[in-house]
Amino acid sequence: MIPPLSSLLAFEAIVRRQSFQLAASELHLTPSAVSHQIAKLESLLGTKLLERSTKGVATTPAGEAYVRRVSGALAALTAATQDVRHSTGNHLYVHASPSFASLWLMPRISAFAKKHPQISLFVSASPTHSDFQLGMVDIDIRYGVPNWQHVEIEPMAVERIQPLASPEFLKNHRIRRKEDLLTVPLIQSTVNRVQWADWFEARGSELRPARFELSFDRAMMSLDAAAQGIGVALESSLLAESYLKKKLLVPVLGTTSAVSLQAHFAVYPQRNAARPEVVQFLKWLHQAQ
């Protein structure tokens, strides 16, 4: 009797991440769906595998013994899958954060396809970093602080984080100094490494916004809101490139108001470093910046 693979993946992910919530995000499921998979697995095995408490998740003695065997079996499946994938065709699986995938990667993807027609490219996007142990992703383009362990990390271009607004908004609001920004609606992008308080500090000011008209957890939503004339967004020139080219957004206080930051990175396991598809994609990625 072999339990469903979905239940085994959920069990292994929970033990490894020590969290139902993190395991659910990794597997692109809801926490309730993950709980259902564990209940099904425990019912099938007739024993308790996990114990939940206010401190988190712990394995029972049976769960501890079982996860060691399961992890080994899943690792073997992953290795076999990668061997088959890499020997039967030029496939490349790329994962990226949603805003980067939508605003930067997709407008350029046709250029990569034309340059490398021999590579079958699969692109996925989610806010959760890929787990390379699952063997389903070759390259992960991540946003954040590059403190990830056991992976190769290649920095992308330095970004300029600056206040951006629509031309119509600037026509209707007098913004001549940084202090004037506190008199207009400011848009917050909650996941950005540079927040409004950081921007004011970098400009030598102790001023801080008292409130935000709107807050978003994706750069693409903040940029769209600013382009609609709702307020001023603090965003990356890398992600705002198409908005700036089309004059949907313009820098507030000029380009000298920007804060420089390196925040996007191409990440991959060392075992992928010599794969021709990975080498070609990384070369194209750096040339396209």
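Excluded from the calculations below are hydrogen atoms, water molecules and symmetry mates; all remaining heavy atoms, backbone and side chain alike, are included. No experiment lies behind these values; they were computed from the predicted model shown.
Here the closest heavy-atom approach between residue S166 and residue L249 is recorded as N-CD2, 3.7 Å. Here the shortest heavy-atom pairing between I38 and A10 reads CD1-C, 4.1 Å. Between Q162 and G254, the shortest heavy-atom distance links the atoms OE1-O, 4.3 Å. Between T60 and K48, the shortest heavy-atom distance links the atoms OG1-O, 2.7 Å. Taking both residues in full, the closest heavy atoms of A219 and L239 are given as CB-CD1, 3.7 Å, listed atom of the first, atom of the second, then distance. Summarising the geometry of S6 relative to Q37, their closest heavy-atom pair is OG-OE1, 3.2 Å, with the distance given to 0.1 Å.
The main-chain N or O of Y268 is never found under 3.5 Å from a side-chain atom of N272 such that the two would form a donor-acceptor pair. A donor-acceptor pair under 3.5 Å is absent between the side-chain atoms of D140 and the main chain of V267, judged by distance alone. The backbone N or O of E201 lies less than 3.5 Å from no partner atom in the side chain of S205, so there is not a single donor-acceptor pair. When atom types are taken as modelled, the side chain of S102 and the backbone of P98 share no donor-acceptor pair closer than 3.5 angstrom. Without hydrogens or angle criteria, T183 side chain to E179 main chain gives no donor-acceptor distance under 3.5 Å. A donor-acceptor distance shorter than 3.5 angstrom exists from the side chain of H95 to the backbone of S126, with no hydrogens or angles considered. Side-chain atoms of R203 do not come within 3.5 Å of backbone N or O of K178 as any donor-acceptor pair. Here the side chain of E42 pairs a donor or acceptor atom with the backbone of L50 at under 3.5 angstrom. The main-chain N or O of R68 is never found under 3.5 Å from a side-chain atom of S71 such that the two would form a donor-acceptor pair. Side chain of S99 to backbone of M220: a donor-acceptor contact under 3.5 angstrom is found.
L22 and V15 sit in two unconnected hydrophobic clusters of ILVMFWY residues. Membership requires side-chain heavy atoms under 4.5 Å apart, directly or through other members. V191 and F100 fall into different hydrophobic clusters, where Ile, Leu, Val, Met, Phe, Trp and Tyr side chains are chained together by heavy-atom contacts under 4.5 Å. Taking hydrophobic clusters as Ile, Leu, Val, Met, Phe, Trp and Tyr residues chained together by side-chain heavy-atom distances below 4.5 Å, M156 does not share a cluster with V158.
Judged by the 6.0 Å and 45° rule, R52 forms a cation-pi pair with F20.
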Exercise for the section: Could you check E154 against H286 for side chain to side chain donor-acceptor pair (under 3.5 Å), going step by step and ending with a plain yes or no? Expected result: CA-CA 9 Å; E154 294 193 19; H286 293 303; 2.6 Å; yes
Exercise for the section: Apply side chain to side chain contact (heavy atoms under 4.5 Å, CB included) to V278 and L92, showing your working. Expected result: CA-CA 7 Å; V278 170; L92 183 66; 3.9 Å; yes
Practice task
Start with the C-alpha gap between K115 and Q287, add the side-chain angles, then the distance that decides, and say whether side chain to side chain contact (heavy atoms under 4.5 Å, CB included) holds.
Solution key: CA-CA 12 Å; K115 189 171 184 178; Q287 290 175 342; 3.1 Å; yes
Handout entry: Verdict with supporting geometry, S97 and H264, side chain to side chain contact (heavy atoms under 4.5 Å, CB included)
Key = CA-CA 9 Å; S97 58; H264 283 92; 4.2 Å; yes
Practice task
Verify side chain to side chain contact (heavy atoms under 4.5 Å, CB included) between D217 and M221, making sure each step is shown before the conclusion.
Solution key: CA-CA 8 Å; D217 66 351; M221 292 192 288; 3.3 Å; yes
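Between W148 and H129, a ring centre-to-centre spacing shorter than 6.0 Å is recorded. Between F265 and Y143, the distance from one ring center to the other does not fall under 6.0 angstrom. Checked against the 6.0 Å centroid threshold, H91 and F122 do not count as a close aromatic pair.
The number of heavy atoms from other shown groups lying within 6.0 Å of CD (Q118) is above 12.
Taken from OG in S222 to CG in N192, the straight-line distance is 6.5 Å, to the nearest 0.5 Å. We find the CD-OG distance between E12 and S7 to be 13.5 Å, quoted to the nearest 0.5 Å. Atom-to-atom distance recorded for L105:CG and L285:CG is 7.5 Å, nearest 0.5 angstrom. One finds the OG atom of S237 at 6.5 Å from the CZ atom of R160 (value rounded to the nearest 0.5 Å).
Within the hydrophobic cluster formed by Ile, Leu, Val, Met, Phe, Trp and Tyr side chains joined at under 4.5 Å, directly or through other members, V279 stands alone, with no partner residue. Residue V232 shares its hydrophobic cluster (ILVMFWY side chains chained together at separations under 4.5 Å) with I161, F169, L170, I175, L181, L182, V184, L186, V194, W196, W199, F200, L207, F212, L234, V250, V252, L253, V259, L261.
Here the side chains of E159 and Q262 are not in contact, with every heavy-atom distance at 4.5 Å or above. Proximity of R218 to P127: side-chain heavy atoms (C-beta onward) are separated by under 4.5 Å at one or more points. Looking at L121 and I109, their side chains come closer than 4.5 Å, going by heavy atoms from C-beta outward. Looking only at side-chain heavy atoms (C-beta outward), L44 and P4 come within less than 4.5 Å of each other. Between T190 and F216, every side-chain heavy-atom pair lies at or beyond the 4.5 Å cut-off. Taking 4.5 Å as the limit, some side-chain heavy atom of F112 sits within range of a side-chain heavy atom of I119. You'll find the side chain of S242 stays beyond 4.5 Å of the side chain of P107, heavy atoms only. When side chains are defined from C-beta on, L49 does not count as touching V67, because their heavy atoms never get closer than 4.5 Å.
The pair D138-R275 meets the salt-bridge criterion, since a charged nitrogen lies less than 4.0 angstrom from a carboxylate oxygen. Ion pairing between a basic and an acidic side chain is recognised when a charged N comes within 4.0 Å of a carboxylate O; E241 and R108 show such pairing.
Residues Y243 and E235 bring no donor and acceptor atom of their side chains to less than 3.5 Å of each other.
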